[in-house]
2 protein chains.
Amino acid sequence: MKLSTKGRYGLRAMIDLAQYGGEDPVSIASIAARQRISENYLEQLIAKLRRAGLVKGLRGAGGGYLLSRPPEEVSVGDILRALEGNLNPVECPGLAGDGGCDGADLCVAKYVWKRINESVNRTVDEMKLCDLVKESRRVQEERENLHPHGIE
Amino acid sequence: MKLSTKGRYGLRAMIDLAQYGGEDPVSIASIAARQRISENYLEQLIAKLRRAGLVKGLRGAGGGYLLSRPPEEVSVGDILRALEGNLNPVECPGLAGDGGCDGADLCVAKYVWKRINESVNRTVDEMKLCDLVKESRRVQEERENLHPHGIE
DNA sequence: TCTAATTCCTAGTATTTTACTAGGATTTAT
DNA sequence: ATAAATCCTAGTAAAATACTAGGAATTAGA
């Protein structure tokens, strides 16, 4: 039960984009360098984000990507679902309709799966991209105060 | 981000065991038949449960398995962790200690991973095996009332 | 208009994980 | 003795993951 690199790298890419992209678009190459992710692979992840309407791509020299919506209106859930397909650890036929499973005992477990699914989705939906950017800025500032002369 | 059949089948096996096993041990064959799971595969899952101390195996003819603890003292989390290893969707070095990740931006995502991990574990830990057995009995009784003559 | 920088698109592939299957050794009730 | 069961380990087919590779299309700027 693991979140794949799609979700892990992709969220970091979105945070990076929110942080370094203001007016000007941010290129895949620059995100890949900062985040130490393969350019080719990152490209595929960002393609998913684009198809989900979370980022806009600008082609040609000087192009790159921009957030489609302000970070306040993008939840971590939006991002991870775009990358992972969905965030339901268990896909059980019984969860959709009311019937589904074969026997009675087969079906009791579905209450567990339902709660797990709800818990994960609620958790990621209540975190917004802007929260992460804010936190990132805070952490960076703290570092500056500890090492004022740019010591690594 | 999926829970594997280990967790899915294994939880059903534990519910079955709690429901059909009182004094007498329950055999793998009977669980496998009721739950429609391969005997050989189920055996491996129950081995994990045994190694985690959740069930006791009784060898020889007439043998089978028994719960080690009463269903009130076994959480769904205990069961799923025994089967899946752990229930942390993200294993991030930064989550263990306080350092870990390379750069500042690499590390902000860890707050997300932490929350997801906590949310999943909290959710499964607050459900006990006895709750599921109770629910299962309730559902079965309801069926009886709807179909009093044993109609399928 | 040419060139370089960039996104866009698709196919392929090595590695890992999952979900089993198979079969023999050991133990125990009858 | 025999049959019923757990116990143990090795193997394996299929699926998913995590990439790599490379070319087509677009655009800014010289």
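Just so we're on the same page: letters track the sequence lines, and every chain starts at 1.
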**Q** Which whole-number value in Å describes the distance from B:Ile28 CD1 to C:dT21 P?
**A** 14 Å
**Q** Between the protein and nucleotides 8-11 of chain C, are there any N/O to N/O pairs under 3.5 Å, and if so, what are the atom names and distances?
**A**
residue : atom : partner : partner atom : Å
C:dC8   : OP2  : A:Arg50 : NE           : 3.0
C:dC8   : OP2  : A:Tyr65 : OH           : 2.6
C:dC8   : N4   : A:Glu43 : OE1          : 3.3
C:dC8   : N4   : A:Glu43 : OE2          : 2.9
C:dC9   : OP2  : A:Arg50 : NH2          : 3.4
C:dC9   : N4   : A:Glu43 : OE2          : 2.4

**Q** Can you check the A:Glu84 CD to D:dA18 C1' distance for me, whole Å?
**A** 12 Å
**Q** Would you indicate, yes or no, if D:dA4 has its OP1 or OP2 atom less than 4.0 angstrom from a side-chain nitrogen or oxygen of B:Ser27?
**A** no
**Q** Nearest to the side chain of A:Thr5 - C:dT6, C:dT28, D:dC19?
**A** D:dC19
**Q** To the nearest angstrom, how far is A:Asn86 atom CG from D:dA16 atom P?
**A** 13 Å
**Q** Between A:Gly60 and A:Ser4, which residue's closest nucleotide on DNA chain D lies nearer the 5′ terminus?
**A** A:Ser4
**Q** Keeping to residues at least two apart or across chains, list the side chain to side chain donor-acceptor pair (under 3.5 Å) pairs with something in residues 55-69 of chain A.
**A** A:Arg69-A:Asp78
**Q** Taking the side chain from A:Thr123 and the backbone from A:Ser119, do they hold a donor-acceptor pair closer than 3.5 Å?
**A** yes
**Q** Do any N or O atoms from the side chain of A:Arg34 and from the backbone of A:Asp16 form a donor-acceptor pair under 3.5 angstrom?
**A** no
**Q** For C:dA19, take OP1 and OP2 only and decide whether either is under 4.0 Å from a side-chain N or O of B:Ser38.
**A** no
**Q** Just the rounded figure in Å: distance from P of D:dA16 to CE of B:Met1.
**A** 17 Å
**Q** Within the side chain of A:Arg81, is there an N or O that forms a donor-acceptor pair under 3.5 Å with the backbone of A:Leu87?
**A** no
**Q** CG of B:Leu49 versus C1' of D:dT6: gap in Å, rounded?
**A** 14 Å
**Q** Closer than 4.0 Å, any side-chain N/O of A:Tyr9 to the OP1 or OP2 of D:dC19?
**A** yes
**Q** To the nearest angstrom, how far is A:Leu3 atom CG from C:dT17 atom C1'?
**A** 16 Å
**Q** Counting only side-chain heavy atoms from C-beta out, which of C:dC20, D:dT6, C:dT18 sits nearest to B:Lys6?
**A** C:dT18
**Q** Could you give the CD1-to-P distance, from B:Ile37 to C:dA19, as a whole number of Å?
**A** 12 Å
**Q** Can you find a side chain N or O atom of A:Tyr41 that sits less than 4.0 Å from OP1 or OP2 on D:dT17?
**A** no
**Q** Closer than 3.5 angstrom, by distance alone: can the side chain of A:Lys2 be matched with the main-chain N or O of B:Asn88 as a donor-acceptor pair?
**A** yes
**Q** Salt bridge (charged side-chain N to carboxylate O under 4.0 Å, His left out) with A:Asp24: which residues, sequence neighbours excluded?
**A** none
**Q** Can you check whether B:Ala32's main-chain N or O pairs, donor with acceptor, with B:Glu39's side chain at less than 3.5 Å?
**A** no
**Q** Expressed as a whole number of angstroms, how long is the span from A:Lys2:NZ to C:dT17:P?
**A** 11 Å
